[in-house]
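See below for the structure under consideration.
Only this structure's heavy atoms are used, side chains among them; waters, hydrogens and symmetry mates stay out. Just so it is clear, the model here is predicted, and its values are computed rather than measured. We're numbering straight along the sequence, starting at 1.
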Amino acid sequence: VQLQASGGGSVQAGGSLTLSCAVSERINRILILGWYRQVPGKRRELVASIGKDGSTDYLFSVKDRFTISTDSAKNTVSLQMNNLKPEDTAVYYCNAKRQGDHWGQGTQVTVSS
């Protein structure tokens, strides 16, 4: 599985960004799709995930601000991020779980106060 992320950038606090990840295989063959983030010196953490059945899971600090979704026609997984905070600054990675973990390249999100 190959993943290509896009959509990062720089915004001010309170702003919005949408990350998108193109998946090389039909997403209905992927067990779980997710977005992770990492800041220097810290472990990569799960931000949001969506299962084949559509069930979602979110990091507590992003609940009610971020929304993960998939588009089966385009084979993409997206992360809509609203009301961004400086602590959301990180490199964001898309992930697919299918016969192991597959990662896209990271995309930088920078939120200034």
Examine distances only and state if a side-chain atom of [X] and a backbone atom of [Y] form a donor-acceptor pair shorter than 3.5 Å.
{"X": "Thr89", "Y": "Val111", "answer": "yes"}
{"X": "Arg37", "Y": "Val47", "answer": "no"}
{"X": "Tyr58", "Y": "Ile68", "answer": "yes"}
{"X": "Gln4", "Y": "Gly104", "answer": "no"}

Practice item. State, to 0.1 Å, how close Ala22 and Thr76 come at their nearest heavy-atom pair, and which atoms those are. Key: CA-CG2, 4.1 Å
Review point. Nearest heavy-atom pair of Lys97 and Tyr36: which atoms, and what distance?
Key: NZ-OH, 3.6 Å
Point to revise | Evaluation steps, side chain to side chain contact (heavy atoms under 4.5 Å, CB included), between Trp35 and Val77 | key: CA-CA 9 Å; Trp35 287 94; Val77 54; 3.9 Å; yes
Point to revise | Residue pair Phe66, Leu84: steps toward the side chain to side chain contact (heavy atoms under 4.5 Å, CB included) verdict | key: CA-CA 9 Å; Phe66 291 11; Leu84 282 159; 3.8 Å; yes
Practice item. Evaluate the side chain to side chain contact (heavy atoms under 4.5 Å, CB included) criterion for residues Leu59 and Lys63: first the C-alpha distance (whole Å), next the side-chain angles of each, then the deciding distance (0.1 Å), finally the verdict. Key: CA-CA 6 Å; Leu59 180 69; Lys63 278 186 177 181; over 6 Å; no
With a sphere of 6.0 Å drawn around [atom1] of [X], does it hold more than 12 non-hydrogen atoms of other residues, nucleotides or ligands?
{"X": "Asn28", "atom1": "CG", "answer": "yes"}
{"X": "Gln38", "atom1": "CD", "answer": "yes"}
{"X": "Gln12", "atom1": "CD", "answer": "no"}

Practice item. Check the side chains of Thr18 and Gln80 for a donor-acceptor pair under 3.5 angstrom, ignoring hydrogens and angles. Key: yes
**Study point:** Working for side chain to side chain contact (heavy atoms under 4.5 Å, CB included), residues Thr70 and Ile30
**Key:** CA-CA 11 Å; Thr70 58; Ile30 307 296; over 6 Å; no
Exercise for review: Look up atom CG in Asn75 and atom CG in Leu3, then write down how far apart they are to the nearest 0.5 Å.
Suggested key: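 So the gap between those two atoms works out to 11.0 Å.
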